[in-house]
Amino acid sequence: MTYDFQNIEKKWQQYWKENNTYKTNTDTSKPKFYSLDMFPYPSGSGLHVGHPLGYIASDILSRFKKLKGFNVLHPMGFDSFGLPAEQYAIQTGKHPALTTQENIKRYKEQLKNIGFSFDWDKEVQTSDPNYFKWTQWIFLKLFNSFFDEEQNKARPIDELDIPKNLSDQEKEAFINGHRLVYQDEIQVNWCPALGTVLANEEVTGGVSERGGHPVVRRPMRQWVMRITSYAERLISGLEELDWPESIKLSQKNWIGKSHGAEITFQEKNSKEPITVFTTRPDTIFGVTYLVLAPEHPLVDKISTSERKASIEAYIDEASKKSDLERAELDKTKTGVFTGAFAINPVSGEEIQIWVSDYVLISYGTGAVMAVPGGDQRDFEFAQKFNLEIRQVITPDGKEIEELNEAYPGQGIMLNSGAYNGWKSEDFFPKSIELIEAAGAGKATINYKLRDWVFNRQRYWGEPIPILHTEDGRVVAEDEENLPLTLPEVESYEPSESGESPLARIEEWVNIDHPKYGKVRRETNTMPQWAGSCWYYLRYLNPENENLFADPEAIKYWMPVDVYIGGAEHAVLHLLYSRFWHKVLFDLGYVSTDEPFQRLINQGMIQGRSNFVYRVKNTNTFVSHGLRKDHDSIPMHVDVNIVRNDELDLEAFRNWRSDLADAEFILEDGKYVCGVEVEKMSKSKYNVVNPDKIIEDYGADTLRMYEMFLGPLEQSKPWNTNGIDGVHKFLKKFWSLFFDEKGNLNLSDEEPSKEALKVVHKTFKKVQDDIERFSFNTPVSEFMICVNRLRELNCNNRDLLEKLVIALSPFAPHISEELWNKLGHSESVTKANFPQYEEKYLQEDVFEYPISINGKMRTKISFPVDMLQDDMKPEILSNEVVQKWLEGKEPKKVIIVPKRIVNVVV
RNA sequence: GCGGAUGUGGCGAAAUUGGUAGACGCACUAGACUUAGGAUCUAGCGCCGCGAGGCAUGGGGGUUCGAGUCCCUCCAUCCGCACCA
């Protein structure tokens, strides 16, 4: 009886669906396990073979935990708001909701073919009004909260202490100035090509992360989330999480905490205070000038009249530069002198004030005290403009002659008045004392993290549920009016002024509100990240109409035990959702401070491209090994017509019409293709579709092979070449159960000791491996086990039955079929994972490797009960060892029980 | 520049606390069986050497009875961040 995977898989997928096999059990007496995947954005091109890698791992883990007696929550959903569907709508006029639904349908089919144990009753889609109702609701919670610095947590805005004697307008402004979501006129990353504002996180190297379009800076009215209030907690919260160190570090670096001091200098004429941030107050005596960012508000006030023109020209030039250009031009420093002077509050010295774009308005105070002797940037600037470079810290307290670069390290003070000869580490706290004594500042902590620009001028996103009243107030839409849904629009294009397409829909924007009268709706929508900030909470209770999730369910299921997804979300999604979660925690809506206890980053699956080599100006193709003999150009060839790097010539001729008459120069009768690892993409013809693999080999083979490919965390190229090995394993496994005629051929006789040992060892290994998130080694373990059982001719019913259970997380379809054939009426998912027994793993005799002076020499067998730590050299009386020792008395015998004996002579 | 990760046969990889390096699989070689296959089975397969044996985990050094694993140093590749004061 052959292993008919196609019918078996179809049959069981049907069975699971009909019997609700994967319905989440909420029996709260059992321990819970919440296994979460990063849900996909349903793109138009469907899944390729790399996408399900993490899902397969989490599915194995979920199924394993279920067999171990846990209630498992293993949901799936779709991050269905986003740019590609909107771009497509702009091009075709097709409503993004339709495109999205079609894509989701395709994704679900593909996912179902792989045999995941997702509970589809828990599915969420972020663009579903029943879902984004609660995204809007959470937005309003943030809008109606403020951050209490003293208690270090968010609180309802009605509890905010409002200063007395404020006019109504001032009161309003005060409250708005404390909300966790607020409006601000700020410099934003405007992307003309996408027609929207992007978060700093979405801009890399001056271009948009998606699409690589140029981004410029421009002031606009924006909705902003006060994530900076949580900077400290977002750092400290990382400590208790089982996350990869690299991700924790990325988040820490992103938040960018630095200890230092704020120091206020005074401008000489206007007496304007200029506050700078520095991490090195100990270099206060080395300050030889100040620098303001071009956007700094004081630039205009303090610059002298004769310098105004050149300064304005400089500022104008700087503002035209995009971040990209600023970064590109980083080689030489530019700047202008304002003509103004400042007084060093500690030394009393008078120093020049300059403007330069190497100082960023967005970090610290937008002004720096320049210490050219201790900071490389200041050094370069001072060199270029002939400003004084004063050494205040050197390794030995003596001036370095011929200073070619700044000395940023620690050392001994010099040129610092009364403090010469101090160690810089000791002077650091003293310098802060001096600054405080001068009433010019204090020690502070500064963060790189900036508040999160939380809106996009786009159609396909959650509408922001805010109303602008006629008298200029900004008020929240009533909760009972949520969800606020998207109106139909004629055009999905954003307007040139940067307003969203919603702004054109008059009847949607201008409404007569029962509570606030004539109001104008906010026309911005939320950014792509909004929906994914909290989806893991909605999974607990997606049907709930009264709350985003049931508090009891939250208490039971949270936190997420294992969250598997790509490392590309290290700082974006994972920081935002932690922020929202902490706000919800402060407001009492969730039971944990952190959402994701354990995080695992699966590696990327790269493509493995194949190449053919066309001899120039011909339709002849030369095999890889012979290409040097000809003048040839490489050409991508579809990996689906290549097997083990050998080209299928017929298929190649049929691939494209222009290749129908292709000729080949073969080596050893074969056409061998070249290979290169690249990103998987259509244009490189290296996309491998899981549907095709499933058709040829089955979902069980796909699942096991994806795991077998290598460690989950590691990035690796997809290579279909090795898949036969895994497929062969499943065939062998299948054949263990049947005789030649296809009848079940099992015995109830006592299995051999050897068979018991092999199988129980497999149970132990597989269990231990899964628990340490190693999914590739169990596959090997199963292979060893099955090969061994075949050698031993073992067909013991009990052992094989248990093996079916152990294999079921990896290969659920074949396991169900065999389980059923073994006479069980219930699904194998209801079974218990087989417990290994120590007694079968023990050996009677242990074959010890003996090494002499660290070199492996021979082996010797001991009864297991002799294996003690205090084994004496006498045991080496064995002839074999004596021969190696040449009769010498060993000096020392080192015995590692169950491992090795090392003899030192 | 700063930070992180990785480096083991022809290839993907194993080696959980330092203890027989290369398990398992692919590819390859030889053989068996044939209803001639993209099937199945058996054996071989790190390198040098006829052999005993020697050499091998990116290079060099160290600790140890013993190092892929720990320490120092250099090199290569990949991935983040990047005028953050």
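Values reported hereafter were calculated over all heavy atoms of this structure, with side chains retained and with hydrogens, waters and symmetry mates removed. Per chain, numbering begins at 1; letters A, B, ... match sequence-line order.
- Rounded to a whole Å, the CZ atom of F708(A) is 12 Å from the C1' atom of C11(B).
- If you measure from atom CG of N776(A) to atom P of G25(B), you get 14 Å, rounded to the nearest angstrom.
- Pairing partner, U63(B): none, since no Watson-Crick or wobble contact has both distances short of 3.5 Å.
- When rounded to the nearest whole Å, the span between CG of D645(A) and P of A27(B) equals 11 Å.
- The two residues N795(A) and L736(A) come nearest to each other via the heavy atoms CB-O, 4.2 Å.
- Note: CD1 (I247(A)) to C1' (G3(B)) measures 13 Å, nearest angstrom.
- G7(B) is paired with C75(B) under the criterion used here, namely a Watson-Crick or G-U wobble arrangement in which both key atom distances are under 3.5 Å.
- Close to A13(B), at under 4.0 Å from its OP1 or OP2, lies a side-chain N or O of Q714(A).
- Comparing C81(B), C41(B), A13(B) by their closest approach to the side chain of K716(A) singles out A13(B).
- Atom CD in E568(A) sits roughly 22 Å away from atom P in G4(B) (whole-Å rounding).
- Checking N610(A) against D645(A) by side-chain atom types alone, a donor-acceptor pair falls below 3.5 Å.
- Taking atom C1' on both nucleotides, G66(B) is separated from U73(B) by 23 Å, rounded to a whole Å.
- The nucleotide whose nearest atom lies closest to any side-chain atom of R772(A) is, among G19(B), A15(B), C81(B), A15(B).
- Contacts of N719(A) with the nucleic acid, taken as non-hydrogen atoms under 4.0 Å apart, are absent.
- Look at CE on M604(A): it is 13 Å from C1' on G80(B), rounded to the nearest Å.
- Here the separation of G58(B) from C78(B), taken at their C1' atoms, is 15 Å to the nearest Å.
- In this model, the phosphate group of C11(B) is not approached by any side-chain N or O of R608(A) to a distance below 4.0 Å at OP1 or OP2.
- Rounded to the nearest Å, the gap between the C1' atom of G46(B) and that of A21(B) is 10 Å.
- To the nearest whole angstrom, the two C1' atoms, one in C26(B) and one in G9(B), are 13 Å apart.
- Among the nucleotides C83(B), U20(B), A85(B), the one closest to the side chain of D357(A) is C83(B).
- Results of the ring pair (Phe, Tyr, Trp, His ring centres under 6.0 Å) test with Y705(A) over Y697(A), F810(A), W718(A) single out W718(A) as the only residue that passes.
- Straight-line distance from the CZ atom of F782(A) to the P atom of C24(B): 16 Å, rounded to whole Å.
- Nucleotide G49(B): unpaired (no Watson-Crick or G-U wobble partner with both distances less than 3.5 Å).
- Across all strands shown, G80(B) forms a Watson-Crick or G-U wobble pair, both distances under 3.5 Å, with C2(B).
- Comparing atom distances between the N787(A) side chain and each of U20(B), A15(B), C24(B) picks out C24(B) as nearest.
- Contact check, K731(A) against U40(B): a side-chain N or O comes under 4.0 Å of OP1 or OP2.
- As judged by a 4.0 angstrom heavy-atom cut-off over every strand, I894(A) is placed among the base-contacting residues.
- Minimum atom distance to the side chain of S780(A) is reached by C24(B), of the listed C24(B), A15(B), U20(B).
- E676(A) has no carboxylate O lying under 4.0 Å from a charged side-chain N of R608(A), or vice versa, which leaves the two without a salt bridge.
- Comparing K732(A) and N253(A) along RNA chain B, the residue whose closest nucleotide (by nearest heavy atom) sits nearer the 5' end is N253(A).
- With hydrogens and angles ignored, the 3.5 Å screen pairs no side-chain donor or acceptor of T264(A) with any backbone N or O of I274(A).
- Base orientation of G4(B): anti, since the glycosidic angle falls outside 90° of 0.
- Taking all atoms of both residues into account, the shortest heavy-atom contact from A406(A) to P372(A) is CB-O, 3.5 Å.
- Residues L709(A) and S246(A) both approach RNA chain B. Their nearest nucleotides, taken by heavy-atom distance, put S246(A) toward the 5′ side.
- For A15(B) and A23(B), the P atoms lie 13 Å apart once the distance is rounded to whole Å.
- Contacts of P711(A) with the nucleic acid, taken as non-hydrogen atoms under 4.0 Å apart, involve only primed sugar atoms and P, OP1 or OP2.
- Under the 6.0 Å distance and 45° angle rule, K333(A) does not count as a cation-pi partner of F381(A).
- Remark: P of A14(B) and CD of E713(A) are 10 Å apart, rounded to the nearest angstrom.
- The side chain of M783(A) lies closest to C24(B) when the candidates are A85(B), A13(B), C24(B).
- Comparing the C1' positions of G59(B) and A76(B) gives an interatomic distance of 10 Å, to the nearest angstrom.
- Within the shown strands, nothing qualifies as a pairing partner of A56(B) under the Watson-Crick or G-U definition with both distances less than 3.5 Å.
- Going from the P atom of G22(B) to that of C47(B) covers 14 Å, rounded to whole Å.
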Let's go through E678(A) and S609(A) carefully: what are the C-alpha distance in whole Å and the side-chain angles of both, what is the deciding distance for side-chain hydrogen bond (donor to acceptor under 3.5 Å, both in side chains) to 0.1 Å, and is it a yes or a no?
CA-CA 7 Å; E678(A) 303 174 291; S609(A) 308; 2.5 Å; yes

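- Rounded to the nearest Å, the gap between the P atom of C74(B) and that of G25(B) is 42 Å.
- Between K728(A) and C26(B), a side-chain N or O to OP1/OP2 separation shorter than 4.0 Å is present.
- Looking at heavy-atom distances under 4.0 Å, V904(A) makes contact with sugar-phosphate atoms alone, never a base.
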